[in-house]
Amino acid sequence: MFGPRKSIEKLSQRASGHSLAKTLSWPHLIALGVGAIVGTGIYTLTGVGAERAGPAVILAFAIAGAVCACAALAYAEMATLIPAAGSAYTFSYAAMGETIAWIVGWSLILEYSLACSTVAVGWSGYLVGWMQAAGLDLPQALLVGPHGGGIINLPAVVVALGVMGLLIAGTRESATLNIVLVIIKLAALSVFVAMALPAFQSSNLEPFMPYGFASTEIEGQKRGVMAAAAIVFFAFYGFDAVATSAEEAKNPGRDLTIGIIGSMVVCTLIYMAVAITAVGALPFLSLANSPEPLALVLRSLDHPVAAHLVALAAVIALPSVILVMMYGQSRVFFVMARDGLLPRALAEVSPRTGAPTRITLMTGISIAIVAGIFRLDEIAELANAGTLIAFMSVGACLMILRRRAPQLPRLFRCPQPMLVGTLTIAGCAYLLLSLPSSTLVRFAAWNVIGLLLYFIYGRTRSEAAREAATAGQASA
């Protein structure tokens, strides 16, 4: 019904053939996860979440984190069971068939490309704020897209293309630089908490839940804790990018488990501390929709030097998120092209670096175009829709393969897999329905386009389809 499935044995054989060079160890993978998770979500979407939920944005972070924790457990088992590039796309191919795998892969392309663009726009906001604080001004027409009356968000375009060039240089080099950028980000957030926490006032948390819990439409805007959770959810994902590196991990059984679970634990603790500090130090209406809420808090508390340093750290370190997400998308693209669902010529690997140069180039240019034109909140919401579909599929894959193939060795076994899988699917479905209706319409349109492309091109040209046709001719 859902097309041919790939055997787990074959996927493992492909992985052991290391078409992609095995260059990453567990410190690289934890840094990839933390590098992706700690970024625009906490640096910029804290303000968007506060505008939608008030002080209860703290609760929104907790809910989004709980859903992602369930998904992370499912990812850890699946990534060590099937250590091949492609993450949720590859898992779905093995568990549910080619058609579902295409939908998931198409959603992952949306997730990673728009996540990169969102971070590029968020980075641009911090760069502009930092430059203005230093007395430097750029023409407004080059700082925002057409939605804001400008021509293009030039800083966002430049950073996307710069990261693209770094990835083309090689995976290990990119991952090593990412470790340095992660350390800078964590240091900046530690400075923020240390400087702003003494200004905590419980009165800033009242009323705690001004728009209620459920996602409801108020004055044309979705508001409530779940509406905020549906967008700050963006702040948590990134561990799935670790799963896309499975084929390049030196010791996938150990390294992937440490990378996925470790990055989620570290980031959840960081997020709760930063969110409580921010909304406790300043009334939530002051934070609402600020492009640089953490720097705003510090300036309001008369810590201009600390604000300047936090903003500078964001300018220096946020590109690590773009790096990880662009890396993830290029690997999903690569595997889909290698499977024949996209043109095979795109799956060419550079003999010098072992990285898919052609795919990375195409990915970087498309991300730069989106970042230069669209608004941050709209991009983040649409990216979340793609991610939620991918997470739901991994929860389903976890349960399906536990029933279908319980005998397979699992280097990491998810506790209570049926409960974790069900909570992952239910939690993600609720968050998906909490997104604005306009976002859901755009997401549906994206998938209609994807399915048309699949049935016109990919279905008949895929490697699985060719193998099935060959087997049919042999039996005849």
Side-chain angles (χ1 to χ4, degrees), residues 1-15 17 19-20 74-75 77-79 81-113 240 243-244 246-247 328-347 356 359 385-405 408 421 425 443-475:
M1 178 180 178
F2 296 121
R5 295 198 309 264
K6 285 202 168 185
S7 71
I8 294 176
E9 292 78 10
K10 182 172 182 179
L11 287 167
S12 299
Q13 288 168 7
R14 171 148 359 228
S19 298
L20 294 171
Y75 263 98
E77 174 165 326
M78 293 303 303
L81 177 65
I82 308 176
S87 74
Y89 160 78
T90 300
F91 309 154
S92 299
Y93 218 144
M96 294 183 282
E98 185 177 272
T99 306
I100 299 297
W102 170 270
I103 293 171
V104 172
W106 194 245
S107 296
L108 284 172
I109 290 171
L110 185 73
E111 169 198 343
Y112 287 130
S113 61
D240 56 328
T244 68
E247 198 167 319
Q329 184 187 339
S330 66
R331 270 45 181 184
V332 173
F333 257 141
F334 170 79
V335 178
M336 293 177 76
R338 188 171 65 181
D339 289 341
L341 294 172
L342 294 171
R344 292 178 186 276
L346 296 175
I359 279 282
T387 309
L388 288 164
I389 291 296
F391 283 12
M392 290 166 69
S393 75
V394 176
C397 290
L398 171 70
M399 295 189 289
I400 290 169
L401 291 178
R402 273 296 184 100
R403 287 190 178 278
R404 183 187 297 154
L408 290 175
I425 294 170
F443 182 61
W446 170 260
N447 276 293
V448 168
I449 294 169
L451 285 171
L452 286 173
L453 180 61
Y454 170 67
F455 285 111
I456 291 171
Y457 180 89
R459 189 177 180 90
T460 57
R461 291 173 172 81
S462 73
E463 181 180 290
R466 290 211 319 266
E467 289 176 353
T470 303
Q473 290 171 358
S475 62

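To the nearest 0.5 Å, atoms CZ (Arg461) and CG (Leu342) are separated by 11.5 Å. In this structure, CD1 in Ile103 is found 10.5 Å from OG in Ser393, a value given to the nearest 0.5 Å. Note: Ser92 OG to Met392 CE = 11.5 Å, rounded to the nearest 0.5 Å. Note: Ser107 OG to Trp446 CH2 = 9.0 Å, rounded to the nearest 0.5 Å. Arg459 CZ to Leu453 CG: the interatomic distance, rounded to the nearest 0.5 Å, is 13.5 Å. Rounded to the nearest 0.5 angstrom, Ile359 CD1 and Met336 CE are separated by 10.0 Å.
Here the shortest heavy-atom pairing between Ser462 and Glu98 reads OG-OE1, 2.7 Å. Minimum interatomic distance between Ala74 and Leu398 (heavy atoms only, all atoms of both residues): CB-CD2, 3.9 Å. In terms of heavy-atom proximity, Ala390 sits nearest to Ala88 at O-CB, 4.0 Å.
With Tyr93 as the fixed residue, the side-chain contact (heavy atoms from CB on, under 4.5 Å) test singles out one of Thr99, Val335, Leu341, Ile100: Leu341.
Side-chain atoms of Leu408 and Leu81, non-hydrogen and from C-beta on, do get closer than 4.5 Å to each other.
In this pair, Phe91 and Tyr75 present their aromatic rings perpendicular. The plane angle is above 60°, beyond the 30 to 60° band.
Here the side chain of Trp102 pairs a donor or acceptor atom with the backbone of Gly450 at under 3.5 angstrom. Panel note: side chain Trp106, backbone Val448; no donor-acceptor pair is recorded below 3.5 Å.
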Assess the residue pair Tyr89 and Asp339 against the criterion (side chain to side chain donor-acceptor pair (under 3.5 Å)); give the C-alpha distance rounded to whole Å, side-chain angles, the decisive distance to 0.1 Å, and a yes or no.
CA-CA 11 Å; Tyr89 160 78; Asp339 289 341; 2.6 Å; yes

As a quick check of understanding, evaluate side chain to side chain contact (heavy atoms under 4.5 Å, CB included) for Val104 and Met96, giving each step before the final call.
CA-CA 11 Å; Val104 172; Met96 294 183 282; 5.5 Å; no

Trace of the side chain to side chain contact (heavy atoms under 4.5 Å, CB included) decision for Leu401 with Glu77:
CA-CA 11 Å; Leu401 291 178; Glu77 174 165 326; over 6 Å; no

Side chain to side chain contact (heavy atoms under 4.5 Å, CB included), that's the test. Do Leu108 and Gln329 meet it? Break it down for me.
CA-CA 7 Å; Leu108 284 172; Gln329 184 187 339; over 6 Å; no

